[in-house]
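Since the structure comes first, as structure tokens, the remarks are kept for the end.
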There are 2 protein chains.
Amino acid sequence: MKRGTQPGMVRQEDVAARAGVSASTVSRALTRPEMVTPETRRRILEAAEALGYAPNQLARSLRKQGSRTIGLIISDILVPFHAEVAKGVEDLASEHGFATILCNSGEDPREEMRYLEVLRGFQVGGIIIEPTRGTAQRQRIEALVRSGTRVVEVDRISGARGVTSVLSDNLGGAASAAEYLLSLGHRSFAVIAGDTSITSGKERLAGFQGSLERQGVSLDPRWVLSCPNTPEGGYRAARELFARPGLPSALFVQNAQMMSGVLRAVREAGLEIPLELSVVCFDETQWAALVNPPLTVVAQQAYELGHTAAKIIVESMERRGARQKSRVVRLPTRLIVRESCREAQPSRPDAPAISGHSRAR
Amino acid sequence: MKRGTQPGMVRQEDVAARAGVSASTVSRALTRPEMVTPETRRRILEAAEALGYAPNQLARSLRKQGSRTIGLIISDILVPFHAEVAKGVEDLASEHGFATILCNSGEDPREEMRYLEVLRGFQVGGIIIEPTRGTAQRQRIEALVRSGTRVVEVDRISGARGVTSVLSDNLGGAASAAEYLLSLGHRSFAVIAGDTSITSGKERLAGFQGSLERQGVSLDPRWVLSCPNTPEGGYRAARELFARPGLPSALFVQNAQMMSGVLRAVREAGLEIPLELSVVCFDETQWAALVNPPLTVVAQQAYELGHTAAKIIVESMERRGARQKSRVVRLPTRLIVRESCREAQPSRPDAPAISGHSRAR
DNA sequence: ACGTCTGCTGCAATCGATTGCAGCCGTTAT
DNA sequence: ATAACGGCTGCAATCGATTGCAGCAGACGT
């Protein structure tokens, strides 16, 4: 009767009964084979197989004080960059027998805090998070770390002390874009910077600007636009830029989400890339090579970002003694040159307002 | 000393001590407020807050015989369609206080079986799976369902009895593509069908072909190519088609992954779309409107697919009495007309082999 | 032949939250 | 005044796997 309520529930004890041993022995046969006579072990495995036994991870984790689980908090799995990070995490996790709990914070600090709490409740072995700006979360993260939870940040830095971060060399990546444009002769630039309150945005802007300045070229702040990191944000920013007189000859877009919006604006404005405007953007995507013209981009190693973060957590769990010390891992970026930039025209007297020719269908 | 090992671990008992009650009362204050005096409850909540208490979900789930968790098995989170499904699942789950465990099967039946087992071990409340072909998995799924685990299939059908499936109206979607092309006057067609051993591929092909036949047009099987559901697969299939003489005037590509490969082949072959070839593909993507020309596609409600599947599981858990009966939910598709098709030329004497002009950069 | 050691197994406590049952106290009806 | 009742709380068992400790058998040495 009692058994009937959960027909599928097979416990170690059931396996033990069938194999004629005690539950302890079953446990040992499964987790520490060397402690059990081969013959006994064989009988137990056979019984387990016959009954379709699967160990109850909840009970195991409860006893072991920690589950083989990694919590992943990202802003939005629909953004290909995040999906790649997630894949990297999941691959490494599953390779080591860990499960991945996926949480979409939607860039909302309150959701992020809630998830942090939820994951703690699940006794996860570690948390990988892409932190939003905000001191409340930073403090929460610090508290978690102090209480012994392993936390690794990806893509951004919250500023919390004692946390390891894995991210791209945003400075270097943006600088390589700047250098490339400079080498083509460009001297006037616009930047669609996106959300500069998060570290990645800040770093990319600083990298781009710094590289220019090292070459004695200054970036006019009126041509640097902040906006939400979304296609819509990019679209609006681009529209605003294109509506102004004296458009610079080159544009740097700080991520691919915004870039897709920029392309829409480009199309609507009837601008010719790279004829009238050279463009480089951060992030490689499936479609960067498919659009017209193929885009020159700064590629991040998104998969490796996630993979590395997960590896740090798993390794710190395996050798459980050593307390992880915090550090920052930077993964290099790579400039992929395609066809969205061309040499700056020697010296147009002064940049004429872009012509208003009708959209080229 | 013992306490010192896990400094962050606060238990109900600790909260109870601080509030001057027993652990049972703490439990009730948290989960069944009406059973506790308001004043007591207030003291308990205060103590919990002060100590930073978070309930141990593992212990709770162990006792309750089931966790508020949904397992999601998909082939690859990098495919935008799957990411959207995942987002739909995660959104609904988190709305109801469920966590989502993400598993990438990589389309590998053995991985899929392994994950099924892992998820059972986690005592998940339900499993959402995108099943690969194969009888072994079908049987495993049937066994799971018999043993009381809630399983919902998305996007595809494994054939397992007793399972609810949520998928797109592939037949209707493909038919709408066919009808549209027919209405433009096309009479000769090629299809890049992808993997026709999985139900979605099979259904789309059947829908396309069926629609043609109802109009008295037949589909020449030599112009129907199977291939892996990947960009590379689409690329190779397209190359093969383009190398043959007598290319039909319209092409149907059965998903977006393959479509991105097809575009590459189109570019390399120097084909003009829609001038020399009209194209429709299944799946809406971020980039469908960005490429040249913007693609006419059959859009699926991917997010809703995941959302609906998760809802079925959550609802069946809430009213735990009722055993879910299996059913099939079909979500409609929508044809989005852009610019990748044009009217068929009245009557070219006979389709000339495509010209081999050099690649237009 | 006896003691000792090694290797395997079982017993029982444990992880933290939940819940049936019983006890306690104050209130109300008779 | 006493009985009955209802509301709130605590006790202790429970979920399933793990593990320190002890027991037991067989091997080996002397």
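Throughout, a chain's letter reflects where its sequence line sits, starting with A, and its residues are numbered from 1. Note that these values count all heavy atoms, side chains included, but never hydrogens, waters or copies made by symmetry.
- In this structure, CG of A/N56 is placed 18 Å from P of D/dT14, rounded to the nearest angstrom.
- For the pair B/T37 and D/dT9, the criterion of a side-chain N or O lying under 4.0 Å from OP1 or OP2 is met.
- Counting heavy atoms from C-beta on, the side chains of B/E130 and B/F81 come closer than 4.5 Å.
- Put simply, CE on A/M35 is 11 Å from P on C/dG7, counting in whole angstrom units.
- Nearer to the 5' terminus of DNA chain D, by closest-nucleotide assignment, is the contact made by B/V21 (compared with the other of B/V21 and A/A54).
- Rounded to a whole Å, the CD atom of A/Q65 is 11 Å from the C1' atom of D/dT18.
- Scanning atom types as modelled, one donor and one acceptor separated by under 3.5 angstrom connect the side chain of B/S24 and the base of D/dC11.
- Among the atoms of the strands shown, none is found under 4.0 Å from any heavy atom of B/V26.
- Protein atom CD of B/E39 is 13 Å distant from nucleotide atom P of D/dC8, rounded to whole Å.
- Following rounding to the nearest Å, B/E13 (CD) and C/dG16 (P) show an atom-to-atom distance of 9 Å.
- At a threshold of 4.5 Å between non-hydrogen side-chain atoms, the residues B/R114 and A/S94 count as touching.
- We find that CG of A/L62 is positioned 12 Å from P of D/dG16, with the value rounded to whole Å.
- The residue A/S61 sits apart from the nucleic acid: no heavy atom pair falls under 4.0 Å.
- Counting to the nearest Å, the C1' atom of C/dG16 and the CZ atom of A/R60 are 18 Å from each other.
- A straight line from CD1 of A/I44 to C1' of C/dG10 spans 12 Å, rounded to a whole angstrom.
- Look at A/Y53 and you'll find a side-chain N or O under 4.0 angstrom from OP1 or OP2 of D/dA17.
- If you check distances only, the side chain of A/R28 does reach the base of C/dG10 with a donor-acceptor pair under 3.5 Å.
- Nearest to the side chain of B/A59, among D/dG16, D/dT19, C/dG16, sits C/dG16.
- One finds a side-chain N or O of B/Q12 lying less than 4.0 angstrom from the OP1 or OP2 phosphate oxygen of C/dT18.
- Pairs of residues two or more places apart, or lying in two chains, that qualify as salt bridge (Lys or Arg N to Asp or Glu O under 4.0 Å) and include a residue from residues 81-104 of chain A are A/K87-B/D76.
- For the OP1/OP2 pair of D/dT9 and a distance below 4.0 Å, the side-chain nitrogens and oxygens of B/T25 include no atom meeting the criterion.
- Taking 4.5 Å as the limit, some side-chain heavy atom of B/R327 sits within range of a side-chain heavy atom of B/I312.
- Two end axes, each from the C1' atoms of five base pairs, can be drawn for the helix from C/dA1-D/dT30 to C/dT30-D/dA1; they diverge by 50°, to 10 degrees.
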